[in-house]
Amino acid sequence: MATSNQRTGKDFFLKDVLDVAPSLLGSYLVMDTKEGIQRHVISDVEVYRGEEDQASHARRGKTPRTRIMYSQGGLLYVYLIYGMHWMLNIVTGPVEMPQALLIRGLKTIQGPGRLTRQLGINGSFHEEDLTRSHRIWIEANASANGGYVTRPRVGIDYAGEKWRNKPWRFILDDQ
DNA sequence: AGCAAGATCGGT
DNA sequence: CCGATCTTGCTG
């Protein structure tokens with residue numbers, strides 16, 4: 001019997017970000033564009049977890065910028081860095097627990113700033129709901145291989161030794 | 001109001 | 001290694 005890929009629902013995003021990260025690897029980031037439906041395999045993600053995490057934007061608590069991270073999982077957190085690169089994040093976990101996953105790479109496009117530019121993701125996607133949006137969502141990949149490696153996160157030297165060294169970057173095997 | 005820093009990237 | 005480019009949040 002033919003089965004089509006199904007949009008990932010709310011429950012998937014309500015888990016702890018450290019559980020969501022490996023299960024997101026291999027899944028499809030799906031976009032509905034003028035050229036039709038595009039599916040990109042997610043291959044590289046990074047975890048930001050709690051106010052204690054000195055690498056996270058939430059380290060200084062709830063501010064206008066970080067308010068989105070305190071939302072229920074399933075929303076997008078999209079922000080501009082260095083005045084030119086849009087960063088694509090997925091909020092995870094329950095309300096009032098600031099967590100997010102930075103999408104660092106797809107199988108076909110490496111680099112968080114490069115992939116948003118190529119896919120046309122910008123500030124208009126901020127706070128978009130992945131479980132309801134008609135232009136962007138996540139689909140499970142039945143043929144995904146579960147293998148991955150972990151590495152320290154990139155570009156967070158300011159976070160101090162304890163947080164700098166957390167192996168919270170998750171990279172799919174066979175890259 | 002002013003300022004320093006930043007979850008990056010592309011070119012020397 | 002360095003500059004681009006602009007938002008954020010802290011300081012005063």
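A, B, ... follow the sequence lines: proteins, then strands. Residue 1 opens every chain. Computation of the quantities below employed the complete heavy-atom set of this structure, encompassing side-chain atoms and omitting hydrogens, waters and symmetry-equivalent molecules.
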When all nucleic acid strands are considered with a 4.0 Å heavy-atom cut-off, which category describes [X]: base, sugar-phosphate, or nothing?
X: Arg164(A); result: nothing
X: Arg153(A); result: nothing
X: Ile156(A); result: sugar-phosphate
X: Met84(A); result: base

Task: Salt bridge present between Arg153(A) and Glu46(A) (N-O < 4.0 angstrom) - done: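 Judged by the 4.0 Å cut-off on N to carboxylate O distance, Arg153(A) and Glu46(A) do not form a salt bridge.
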Task: Arg67(A) and Glu127(A) ion-paired at < 4.0 Å - done: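 Salt bridge present between Arg67(A) and Glu127(A).
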- [ ] Could you tell me which non-hydrogen atom of Pro98(A) sits nearest to which non-hydrogen atom of Ala58(A), and how far apart they are?
- [x]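 So the two residues come closest at CB-CB, 3.7 Å.
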Separation of [X] atom [atom1] from [N] atom [atom2], in whole Å?
X: His85(A); N: dT5(C); atom1: NE2; atom2: C1'; result: 9 Å
X: Arg65(A); N: dC6(C); atom1: CZ; atom2: C1'; result: 11 Å
X: Tyr82(A); N: dT8(C); atom1: OH; atom2: C1'; result: 13 Å

TODO: Report the residue (Arg114(A) or Tyr158(A)) whose heavy-atom-nearest nucleotide on DNA chain B is the more 5′ of the two.
DONE: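 Checking each residue's closest nucleotide, the 5'-ward one belongs to Tyr158(A).
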Open item on the list: Would the distance check show the side chain of Ser56(A) and the main-chain N or O of Glu52(A) forming a donor-acceptor pair, the cut-off being under 3.5 Å?
Closed with: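 Side chain of Ser56(A) to backbone of Glu52(A), a donor-acceptor pair under 3.5 Å: no, none is there.
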Task: Bounds of contact between DNA chain B and chain A, in 5' to 3' order, using a heavy-atom cut-off under 4.0 Å - done: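 Contact boundaries, 5' end first: dG6(B) to dG10(B).
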Open item on the list: Can you check the distance between dT5(C) and dG2(B), where both ends of the measurement are the P atom (answer in whole Å)?
Closed with: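 Result for the P pair: 22 Å, nearest Å.
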Side chains of residues 75-85 of chain A: which donor-acceptor pairs under 3.5 Å do they make with residues two or more places apart or in other chains?
unit_1	atom_1	unit_2	atom_2	d
Tyr77(A)	OH	His57(A)	ND1	2.7

Open item on the list: For residues Met97(A) and Leu18(A): do they belong to one hydrophobic cluster (side chain heavy atoms under 4.5 Å, members Ile, Leu, Val, Met, Phe, Trp, Tyr)?
Closed with: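 Per the 4.5 Å side-chain linkage, Met97(A) and Leu18(A) are not co-clustered.
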TODO: Name the pairing partner of dA7(B), where a pair is Watson-Crick or G-U wobble with both distances under 3.5 Å, or state none.
DONE: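 Paired with dA7(B), as far as the under-3.5 Å criterion goes, is no nucleotide at all.
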Open item on the list: My understanding is that a pair needs two contacts under 3.5 Å, Watson-Crick or G-U wobble. By that rule, which nucleotide pairs with dG2(B)?
Closed with: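 WC or wobble partner is dC10(C).
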